[in-house]
Amino acid sequence: MSVEVVVHRDLAEPALVAGWDALADADPDATLFQRPRFLAAWHEVLGGRGVVRSLEVRRDDIMIGFAPLSVEAVGSIGGPVELVRFLGGTEVTDYLGPVSAAADREVVAEALLAHLADDRHWDELALTGLATDVGWHDRLAEAAKAHGLLVVERLEDGVCPRVDLTGGAGAWLSRLSSRDRKEHQRKARKLERDAGPVEVVESAPEALHDDVDAFLAQVIRSFPEKSSFFQRADIVRWFHALVDAFGADRTLRLHHLDVGGIRAATTVSLLWGETWGLYNSSFDPDLAALAPGAVLVGALADRATEEGFATLDLLKGDEPYKYRFGAIDRPLARLTVLRKR
């Protein structure tokens with residue numbers, strides 16, 4: 001058995017993209033965020049100073065693992081440091097990490113760290129966003145130690161709360177506490193009674209760019225403390241890049257809650273496999289007392305069950321509202337590795 005690592009500096013190589021996508025298909029835990037379409041868009045819009053240096057693991061000339069990485073020179077007290085990170089950064093990407101079939105993960109982790117240990121062109125690995133139930137953080141840490149590298153951090157990197165939708169809407173609701181179930185129903189009735197007829201509307205693909213602009217305007221009003229982030233020119237470009245990459249095939253979906261002719265709340269979702277990911281949301285602050293955002297998320301959960309999705313992933317962040325939908329935390333890990341001096 002021959003295992004080798006190949007370095008890639010171009011995310012657009014057709015053979016690489018095809019092999020990477022096929023490998024992600026074979027990985028039961030791969031997310032949209034770890035695929036070439038998402039990461040190519042991210043690198044173009046938000047990649048900044050990072051240089052692509054991704055690693056492909058091949059066994060007997062067949063791709064069995066892929067780690068999308070970038071290298072960036074950052075300042076430090078002792079002078080410039082070359083920092084290796086997963087492509088995707090930390091601002092807009094919820095899950096990070098390599099992809100491989102589950103049975104190959106130990107071999108892939110060993111090959112990646114053996115290659116990195118021999119590569120003298122980096123100083124620090126900052127590997128974030130690793131879902132702990134997948135096990136990459138443990139495998140990468142053990143392989144790093146085995147190759148003489150120093151693991152200085154193995155910490156929690158936040159959580160992605162997820163709602164179990166298996167069994168359909170009735171089963172999902174039955175898993176909620178009696179209080180939360182009644183509260184969801186009460187909010188929906190109260191919103192319609194006090195504000196007017198309620199309708200969930202999905203944006204047509206040709207309307208997505210305009211509706212993304214409307215969403216960004218609304219999210220700035222919803223969360224003034226986040227306004228500087230959503231007003232950044234690169235973040236505006238990022239949401240439009242997502243529409244370009246994922247709008248036509250409805251991998252990206254934008255819904256708004258129309259209440260008496262008012263756009264009361266908006267959600268942006270990204271879908272993969274059996275997972276419906278709630279990527280971002282906003283609401284009309286003038287209607288905040290009527291909780292239109294919560295009503296829309298509940299409606300999306302119902303819609304997701306109707307379409308056969310097994311999980312509503314509320315993605316990174318432990319905001320209290322997520323747990324009122326029965327969400328259970330999926331912890332993420334952060335791994336920092338240095339060279340021994």
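- No donor-acceptor pair under 3.5 Å is formed between the side chain of S70 and the backbone N or O of V52.
- Contact of the E4 side chain with the H115 side chain is not registered, since no non-hydrogen atoms from C-beta on lie closer than 4.5 Å.
- The residues R105 and D29 are annotated as salt-bridged, a charged nitrogen and a carboxylate oxygen being separated by less than 4.0 angstrom.
- At distances below 3.5 Å, at least one donor-acceptor pair connects side-chain atoms of T132 with backbone N or O atoms of P331.
- Donor-acceptor pairing under 3.5 Å is recorded for the side chains of T31 and Q34.
- Taking the centre of each ring, F86 and F33 stay at or above the 6.0 Å mark.
- There is a side-chain donor-acceptor pair under 3.5 Å between D213 and H240.
- The aromatic ring centroids of H256 and F215 lie 6.0 Å or more from each other.
- Judged by distance alone, with hydrogens and angles left aside, the side-chain atoms of R181 form a donor-acceptor pair with the main-chain N or O of L173 at under 3.5 Å.
- Salt bridge E319/K322: present, at least one basic N to carboxylate O contact under 4.0 Å.
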Determine all donor-acceptor pairs shorter than 3.5 Å in which one atom belongs to a side chain in residues 37-51; sequence neighbours excluded.
residue	atom	partner	partner atom	Å
R37	NH1	A245	O	2.7
R37	NH1	D249	OD2	3.2
R37	NH2	D249	OD2	3.3
W42	NE1	G88	O	3.2
R49	NH2	E72	OE2	2.9

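- Note that the CG atom of L191 and the CG atom of L257 stand 6.0 Å from one another [nearest 0.5 Å].
- Distance alone, capped at 3.5 Å, places no donor-acceptor pair between the E91 side chain and the I235 backbone.
- The distance from the CG atom of L140 to the CG atom of L113 is 5.5 Å, given to the nearest 0.5 Å.
- Between E56 and R58, at least one side-chain N (NZ, or NE/NH1/NH2) sits under 4.0 Å from a carboxylate O, which counts as a salt bridge.
- For the pair K226 and F230, the NZ or CZ position fails the cation-pi test of under 6.0 Å to the six-membered ring centre and within 45 degrees of the ring normal.
- The salt bridge (Lys or Arg N to Asp or Glu O under 4.0 Å) test applied to K182 returns no partner, not counting sequence neighbours.
- In terms of the side chain to side chain contact (heavy atoms under 4.5 Å, CB included) criterion, residue partners of D244 (sequence neighbours excluded) are, by chain and number, H209.
- Using a 4.0 Å cut-off between a side-chain N of Lys or Arg and a carboxylate O of Asp or Glu, D284 and R221 qualify as a salt bridge.
- Side-chain N or O atoms of W122 include one that pairs as donor or acceptor with a backbone N or O of L116 at under 3.5 Å.
- R237 and D234 are not joined by a salt bridge, as no carboxylate oxygen comes within less than 4.0 angstrom of a charged side-chain nitrogen.
- At a threshold of 4.5 Å between non-hydrogen side-chain atoms, the residues F309 and T275 do not count as touching.
- With sequence neighbours excluded, the residues forming a salt bridge (Lys or Arg N to Asp or Glu O under 4.0 Å) with D21 are R35, listed by chain and number.
- Looking at D313 and Y95, their side chains do bring a donor and an acceptor atom within 3.5 Å of each other.
- E202 is linked by a salt bridge (Lys or Arg N to Asp or Glu O under 4.0 Å) to R250, counting only residues two or more places apart in sequence or in another chain.
- Checking D329 against Y323 by side-chain atom types alone, a donor-acceptor pair falls below 3.5 Å.
- Using modelled atom types and a 3.5 Å distance limit, the side chains of S269 and W276 yield a donor-acceptor pair.
- For H8, there are no ring-ring contact (aromatic ring centres under 6.0 Å, His included) partners, not counting sequence neighbours.
- Using a cut-off of 4.0 Å between Lys/Arg side-chain N and Asp/Glu carboxylate O, E307 and R253 are scored as salt-bridged.
- Side-chain atoms of R334 do not come within 3.5 Å of backbone N or O of R154 as any donor-acceptor pair.
- A donor-acceptor contact shorter than 3.5 Å is absent between the side chain of D104 and the backbone of V107.
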